[in-house]
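Read through the structure below, which is laid out as structure tokens, and then see the notes.
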Amino acid sequence: MKTQLTLLAALLLATTAAAKGEYAEIARLRAMNETVRGIRPMADGEHYTRLERNEILRYAYAADTPGERLLPASAQGIAVTDYAFSPDERRILIASGRTPIYRHSYTTTYHLVEQGAVRPVLREAEAPRDAGFSPDGTKIAYSDRNDLYVRDLDAHRTLRITDDGAWNEVINGTTDWVYEEEFGFTRAYAFSPDSRRIAFLRFDEREVPLMEMMRFDGKRYNEAFSFKYPKAGERNSTVQLWVADLATGAKTRIDTGTESDQYLPRIGWTPDGKLWFQRLNRRQNTFEVILCEPSGAQRTIYEERSQQYVERAGGQTITFLDKDRFLALQESHTGYMHLYLYTVRGGLQGPVTRGAWEVTEVIAATPKRIWYLSTEGSHLRRSLWSVRPDGKEKKRLTDGEGFCTVAPGTGMKYCIVTRSDAATPNRVEVCDGEGRTVRTLADSRALRAELERTGRPAKEFFRFATERGDSLDAYILKPRDFDPAKRYPVLLTQYSGPGSQSVQDRWSMDWEDALVEKGYIVVCADGRGTGFRGERFKKQTYGRLGALEVEDQLSFARYMAAQPWVDPDRIGIYGWSFGGFMALNCAIRGHGLFRMAIAVAPVASWRFYDTIYTEIYNNLPQYNASGYDDNSPLNHARMLDDARTRLLLIHGTADDNVHFQNTVEMARALNRAGKRYDMMVYPDQNHSMQPDDTHNVRQKMIDYTLEHL
């Protein structure tokens, strides 16, 4: 009887798993890949904090001790979304709740923890967001309904810095949509080191065209969500830089040049209190850092130019070491991304790193030493190195193969390193500043054991040559019982966007792995235009997005079709976002090479996408119309061999990034051409198919592939 019950239970579990679909198993295994998220270093360099189960816990880097609770008992009823310490760590600012604006921005409610008590703060604000402490910890700046405010915590009064903020008109202290999405920040203010002044950006977006995104939300009458979205070639926000004196409230506009159609990607202060700002022209091929002297004079302390474009400006483009020295991360000198030492007074001092490889991230920098990740050894991998600012005493701090990410502690006395490779899930370790392991935080032991027991295949890396002679990186996943005497269906998965990299020696798993278990081969190749192989390889796609990239994926498909163990009549392709644009183009221009194509949230025309991303790689459509139209799948829908290629379009209707408009217009073009296709629409889901349909869309793609490939 016990045996019968066991068999019955096993059958029931198997039936339940099957009902949930193959992706449920992939999601289970992904969740077993251990990591340590949300690490916040503390000022002493000896401790870090994490948010766990609604508690802020403090841990020692070097000692394996239980986390110390930092929130008082009175905070137990507050749902903690995010938190920040004041610089002296005597106060904690808690964000509670999250009302999304776009993909990354949101409004929230704030509480302040100090002296063992918790209390609401910023209660006069209607929709506060992006709050942050001043350097002396006595003030909090925040935005509310597009205006900037500063709350004096000791004096219990609020200074309103601006009063002209209005939705879809003027934004103060936070960013507009395109800065948030493409420059990767929302907090557009910076306190001076002495906490007496605050610099902020003002966005005037009144001339930016209005985008209306339909929301349904289960309501009887749907509503349009209207926001300013500058599509390629259209008007951007006019951005100004201002500084406010917090004692008097007086505001001063900073001269950012005669050109208003430009970008100010970052603002900040030098350690000795001088304002600086980054300036980038609309074409994004001239980048400058401007220093503002107390006298009002300005001078350019760094400049970079490129015939095509200057790689995307960000928070790591410039890093100040002290009041005079700073690092610049750039590729124009040698064609590879490297670090250079500059001084405010004397300009370029020399290279810090050099070689036919790239620095991918500055982890930490002190006046005496710099820690960074690089591709030295293999551009498929990342390793941690350190070096002096003069380029001497370079050391590799992580050994072995694979890929590592690093969360630095203050001063880099300690750091937390996460390592993996294609066959080995995450191992998370505390290391000292020399890379020596202090202790292990997580090792994905259960997942490692299960992978070994089940014999799940790992990625195998190789290179192949296209018909044009280009050598491209690729990986392959074969079924565990692979037999070279048989012929297998093949799915090409790819992204292919400028500067991206999909072929990496790190552990990962997604919906495609379910196909491998079903006897499919999954392959991926990084074509021309992808990153970490130098400037020349990356920028050759400039001005013609989709031309060379599609050629390379078609070459890859033909290469796979020529393998004796591949069924050439069963090759499919998939991509999301830029990858969706690619999947559409490959399906159309493949002339029946692909049996199936899945395009999720695809760009159908770069005329529909935003200014910053599109124009940096394709110039403005006013000057490069053919670069936009020649490779748009909208203009070639008639070429789809729908008798041979089964096409699935997938999109969320609330995608504020790649608008649902793209799929609607693609459907219109296919309809006019009399072509057959399939479509899956996800109501009110964003570009990532969130908040509800992350699993559903992946199971749909598994089912579609199993049925049509």
Side-chain angles (χ1 to χ4, degrees), residues 134-136 141 148 150 159 161-162 172-173 175 179 183 185 187-204 236-306 310 313-330 332-333 339-350 365 367 389:
S134 61
D136 66 4
L148 183 64
V150 174
L159 174 64
I161 305 296
T162 66
N172 294 287
T175 57
Y179 269 58
F183 287 141
F185 72 105
R187 185 180 296 176
Y189 64 81
F191 281 103
S192 62
D194 61 8
S195 302
R196 295 179 179 179
R197 293 169 292 166
I198 188 169
F200 64 94
L201 296 179
R202 178 185 184 272
F203 293 78
D204 186 336
N236 275 317
S237 295
T238 299
V239 185
Q240 299 173 347
L241 174 58
W242 290 76
V243 173
D245 185 301
L246 298 181
T248 66
K251 297 190 293 289
T252 303
R253 182 180 169 187
I254 304 301
D255 181 11
T256 56
T258 58
E259 178 59 68
S260 61
D261 192 12
Q262 62 181 4
Y263 301 108
L264 304 178
R266 290 293 190 281
I267 61 174
W269 302 82
T270 63
D272 60 343
K274 294 178 181 177
L275 178 68
W276 58 263
F277 62 90
Q278 297 177 359
R279 182 167 64 197
L280 183 67
N281 67 332
R282 176 76 182 251
R283 274 279 314 276
Q284 300 179 71
N285 61 0
T286 300
F287 173 78
E288 303 165 285
V289 179
I290 312 298
L291 186 71
C292 304
E293 299 285 0
S295 64
Q298 294 184 356
R299 55 194 172 108
T300 302
I301 61 172
Y302 177 77
E303 184 176 19
E304 185 179 354
R305 296 177 182 268
S306 172
V310 176
Q316 293 202 336
T317 306
I318 297 294
T319 303
F320 277 92
L321 299 178
D322 50 41
K323 65 180 181 180
D324 187 44
R325 297 182 303 161
F326 63 91
L327 300 171
L329 182 60
Q330 59 115 304
S332 63
H333 283 336
L339 288 168
Y340 297 84
L341 181 65
Y342 283 75
T343 66
V344 170
R345 297 183 180 90
L348 177 63
Q349 301 300 294

Worked verdict on V243 versus I198 for side chain to side chain contact (heavy atoms under 4.5 Å, CB included): CA-CA 6 Å; V243 173; I198 188 169; over 6 Å; no
Could you walk me through whether L329 and T317 pass the side chain to side chain contact (heavy atoms under 4.5 Å, CB included) check? CA-CA 5 Å; L329 182 60; T317 306; 5.7 Å; no
Side chain to side chain contact (heavy atoms under 4.5 Å, CB included) between Y263 and V239, worked out: CA-CA 7 Å; Y263 301 108; V239 185; over 6 Å; no
Let me see the working for R299 and V344 under side chain to side chain contact (heavy atoms under 4.5 Å, CB included), right down to the final yes or no. CA-CA 9 Å; R299 55 194 172 108; V344 170; 3.2 Å; yes
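Scanning both residues, G273 and R197, for their nearest heavy atoms gives O-NH2, 3.4 Å. Nearest heavy atoms, S237 versus F203: CB-CD2, 4.0 Å. Residues L275 and G268 share a closest heavy-atom pair of CD1-O, 3.4 Å. In this structure, A244 and F200 approach most closely via the heavy-atom pair CB-CE2, 4.4 Å. Nearest heavy-atom pair across P389 and L341 is O-CD2, 3.6 Å.
Taken to the nearest 0.5 Å, the CD1 atom of I254 stands 8.0 Å off from the CZ atom of F277. Rounding to the nearest 0.5 angstrom, the gap separating the CG atom in L201 from the CG atom in L241 is 6.0 Å. The CD atom of Q298 sits 5.0 Å away from the CG atom of D255 when rounded to the nearest 0.5 Å. For the atom pair I267 CD1 and W242 CH2, the distance stands at 13.5 Å (nearest 0.5 Å). To the nearest 0.5 Å, the span separating CZ on F287 from CG on L280 amounts to 7.0 Å.
The side-chain hydrogen bond (donor to acceptor under 3.5 Å, both in side chains) search around Y342 returns none, not counting sequence neighbours. Among residues two or more places apart in sequence or in another chain, the ring-ring contact (aromatic ring centres under 6.0 Å, His included) test is passed with Y340 by H333. For D136, the salt bridge (charged side-chain N to carboxylate O under 4.0 Å, His left out) partners are K139, not counting sequence neighbours. Contacts of S295 classified as side chain to side chain contact (heavy atoms under 4.5 Å, CB included), with partners at least two apart in sequence or in another chain: E293, A297. Applying the side chain to side chain contact (heavy atoms under 4.5 Å, CB included) rule to R345 yields the partners D324; only residues at least two apart in sequence or on another chain are considered. Partners of W269 by side-chain hydrogen bond (donor to acceptor under 3.5 Å, both in side chains), not counting sequence neighbours: none found. Legend: residues meeting salt bridge (charged side-chain N to carboxylate O under 4.0 Å, His left out) with R279, ordered by chain and number and at least two apart, are E288. Checked against side chain to side chain contact (heavy atoms under 4.5 Å, CB included), P135 has the following partners two or more places apart in sequence or in another chain: F191, S195. With sequence neighbours excluded, no residue forms a side-chain hydrogen bond (donor to acceptor under 3.5 Å, both in side chains) with T256. Under the side chain to side chain contact (heavy atoms under 4.5 Å, CB included) criterion, N281 pairs with R283, N285, T286, not counting sequence neighbours.
A side-chain donor-acceptor contact under 3.5 Å links R325 to the backbone of P367. For T162 (side chain) and L148 (main-chain N/O), a donor-acceptor pair under 3.5 Å exists by modelled atom type. Judged by distance alone, with hydrogens and angles left aside, the side-chain atoms of Y189 form no donor-acceptor pair with the main-chain N or O of N172 at under 3.5 Å. Checking side-chain atoms of K323 against main-chain N and O of T270 turns up no donor-acceptor pair under 3.5 Å. In this structure, Q349 contributes its side chain and G347 its backbone to a donor-acceptor pair below 3.5 Å. When atom types are taken as modelled, the side chain of S332 and the backbone of V310 share no donor-acceptor pair closer than 3.5 angstrom.
Every pair tested for salt bridge (charged side-chain N to carboxylate O under 4.0 Å, His left out) that includes a residue from residues 236-247 fails, sequence neighbours excluded, so the list is empty. The salt bridge (charged side-chain N to carboxylate O under 4.0 Å, His left out) contacts involving residues 257-272 comprise D261-R282, where partners must be two or more places apart or lie in separate chains.
Contact check for P294 versus K274: side-chain heavy atoms found under the 4.5 Å cut-off.
Relative orientation of the Y302 and F326 rings is perpendicular, given thresholds of 30° and 60° on the angle between their planes.
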